[in-house]
Amino acid sequence: MKPKLIGILLLAAVVLAAGGYSLYRTQSRTTVLHGYLGGEKIGLFEDEEAAGIMRRKYHIQFDYSRAGSLDMVTADQTGMDYLFPSSQTALSYYEDVHGQPLQDEIIFNTPIVLYTHRIVLDALENEGVVTQSDGICYADMEKLTDLILSGTTWEELGLPELYGQVSVDTTDPTASNSGNMFAALLANVLNDGRTVDEVSVESVLPQLKQIFAGLGYMETSSSDLFNQFLRTGVGDKPIIAGYESQLLEFAVQNPEDYEEIKDDIVMIYPTPTVWSTHVYIVLDEAGRAGAQALLDDEIQQIAWEKHGFRTSVYEAAGESAVAGIAPEITSVIPVPEYPAMKKIIEALP
């Protein structure tokens, strides 16, 4: 064998060995963080691009168990490094049960929205409950709440093919954040559009209980509710409350499926709405690295562009894959403080 060829082979072997050692070193340094995660964020945690960035830059890997935002607070936290619920209420609940965590960080936000089908949208528009502006749909929450409380049937709205009374399906507000946030929104609407406090919430609890008592079984995961909404059609769940991020993520991750449903599935922004604040709760020293990684600019970009969460880079993120997305959320009412939310949680089934 010629000396030149031998030299090339030796160089290649050195390069391969160095690469293998580097890969081994990276893998051996990776710390696996264990915790509880809201179902709506599973897509981000299983995103291979995001996972690669976290391993390369922060030497961590997330392992998770899915749990509702409120359920995770009281779940067994043995061996857990973090909790990642979807609201400040869950953080306040944690502080009430366990005391102050080592650290907490707001990672991103998403507004609560309504999802429905085109025929329901048309009926709600005819009733003056929903209006459109620049292709974006808005629901007057006072009018919608009045329809629900008055027992208006779908048939009375011109939809005889739908059974029962007008309602909005949600997750269990005592276990999951999207249902909990929608309950908070309804409480404020019932309080003449003013955020309830520990005293004023008492006067709206009977009506709030009436609304949720009529829903029957409620999912404990926002992702399960959204998937059921997509699968079972308008007859099962005419309207649901969920996160803006869910349809955005679905459109990016399942473009062919979205193409089939985009003319039927409609996102409606409640007026007013509430923000869902996704807060990362650090349980031990190892968990601190997770907060740092999730706030990384690259991860924040991925969280918006591929998974629909409004992050610190939202304004620079470009257009969404979904039409009818509000560029700014302007009609927002604050979520009640924890003492009022605690009364709501305790009052509902």
Side-chain angles (χ1 to χ4, degrees), residues 36-42 65-75 85-87 89-90 93 112-117 119-120 124 139 141 144-145 147-155 157 159-187 189-190 204-243 245-247 250 261 264-268 270 274 276 341-349:
Y36 289 112
L37 180 72
E40 71 287 337
K41 293 185 283 289
I42 288 176
S65 296
R66 188 174 71 170
S69 291
L70 301 180
D71 277 350
M72 66 177 67
V73 172
T74 54
S86 307
S87 73
T89 299
Y93 186 26
I112 293 295
V113 300
L114 304 176
Y115 288 111
T116 191
H117 298 262
I119 63 169
V120 178
L124 293 176
M141 282 305 298
L144 179 57
T145 304
L147 284 182
I148 296 171
L149 286 172
S150 65
T152 303
T153 65
W154 291 112
E155 184 173 9
L157 289 187
L159 296 172
E161 61 269 46
L162 300 185
Y163 176 78
Q165 300 174 344
V166 174
S167 63
V168 176
D169 281 281
T170 77
T171 55
D172 184 343
T174 67
S176 170
N177 181 68
S178 60
N180 188 254
M181 290 296 96
F182 192 66
L185 174 57
L186 288 173
V189 171
L190 292 168
V204 305
L205 287 179
Q207 291 171 299
L208 204 58
K209 291 167 70 174
Q210 176 187 337
I211 291 172
F212 279 89
L215 295 181
Y217 173 78
M218 290 177 281
E219 300 283 356
T220 58
S221 166
S222 303
S223 58
D224 287 347
L225 176 63
F226 184 70
N227 289 336
Q228 283 292 96
F229 168 75
L230 294 180
R231 290 170 183 162
T232 57
V234 65
D236 183 43
K237 292 176 172 54
I239 311 175
I240 68 165
Y243 300 111
S245 60
Q246 290 176 289
L247 187 60
F250 182 83
I261 67 169
D264 178 48
I265 301 300
V266 182
M267 182 189 297
I268 304 174
V274 290
S276 180
M341 290 303 302
K342 184 177 182 180
K343 286 191 173 183
I344 291 174
I345 294 167
E346 291 174 345
L348 295 179

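- The closest donor-acceptor contact from the side chain of T174 to the backbone of I345 lies at 3.5 Å or more, if one exists at all.
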In sequence, state the C-alpha distance, the side-chain angles, and the governing distance for V120 and V266, and then conclude on side chain to side chain contact (heavy atoms under 4.5 Å, CB included). CA-CA 9 Å; V120 178; V266 182; over 6 Å; no
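- Of all heavy-atom pairs between D172 and M218, the closest is N-CB, 3.6 Å.
- Here L37 contributes atom CG and M72 contributes atom CE; the two are 6.5 Å apart, rounded to the nearest 0.5 Å.
- When all heavy atoms of H117 and F229 are compared, the closest pair comes out as NE2-CE1, 3.4 Å.
- Looking only at side-chain heavy atoms (C-beta outward), S223 and R66 come within less than 4.5 Å of each other.
- Looking only at side-chain heavy atoms (C-beta outward), I211 and T145 come within less than 4.5 Å of each other.
- Proximity of L190 to L149: side-chain heavy atoms (C-beta onward) are separated by under 4.5 Å at one or more points.
- Here the closest heavy-atom approach between residue M267 and residue L247 is recorded as CE-CB, 3.8 Å.
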Determine, stepwise, if the pair D71 / Y36 fulfils side chain to side chain contact (heavy atoms under 4.5 Å, CB included). CA-CA 10 Å; D71 277 350; Y36 289 112; over 6 Å; no
Can you check side chain to side chain contact (heavy atoms under 4.5 Å, CB included) on L144 and V168, steps first, answer last? CA-CA 9 Å; L144 179 57; V168 176; 4.1 Å; yes
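- Contact between L205 and A347 at its shortest, heavy atoms only, is CD2-CB, 3.9 Å.
- Here the CZ atom belonging to F226 is positioned 11.5 Å from the OG atom belonging to S178, to the nearest 0.5 angstrom.
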Applying side chain to side chain contact (heavy atoms under 4.5 Å, CB included), run through M141 and L186 and close with a yes or a no. CA-CA 8 Å; M141 282 305 298; L186 288 173; 3.9 Å; yes
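- Note that CG of L225 and CD of E40 are 11.5 Å apart. Values are rounded to the nearest 0.5 Å.
- For the pair L114/F182, a side-chain contact is recorded, criterion being any heavy-atom separation below 4.5 Å from C-beta on.
- Judged by distance alone, the side chains of K41 and S245 never bring a donor and an acceptor atom under 3.5 Å apart.
- Between T74 and Y93, the shortest heavy-atom distance links the atoms CG2-OH, 3.3 Å.
- Under the side chain to side chain contact (heavy atoms under 4.5 Å, CB included) test applied with M181, the options T171, T170, V274 reduce to a single match, V274.
- Atom-to-atom distance recorded for Y115:OH and I239:CD1 is 14.0 Å, nearest 0.5 angstrom.
- A distance of 4.5 Å separates CD1 of I119 from CD of E161, quoted to the nearest 0.5 Å.
- In this structure, CZ in F250 is found 8.5 Å from CD1 in I265, a value given to the nearest 0.5 Å.
- If you check the side chains of N177 and S276, you find a donor sitting under 3.5 Å from an acceptor.
- Taking every heavy atom of both residues into account, P270 and L185 meet most closely at CB-CD2, 4.0 Å.
- Proximity of a side-chain donor or acceptor of S176 to a complementary backbone N or O of P173 within less than 3.5 Å is not detected.
- Side-chain contact of S222 with Q246: a donor-acceptor pair under 3.5 Å is absent, judged by distance alone.
- Looking only at distances, a side-chain donor or acceptor of S69 sits under 3.5 Å from a matching main-chain atom of S86.
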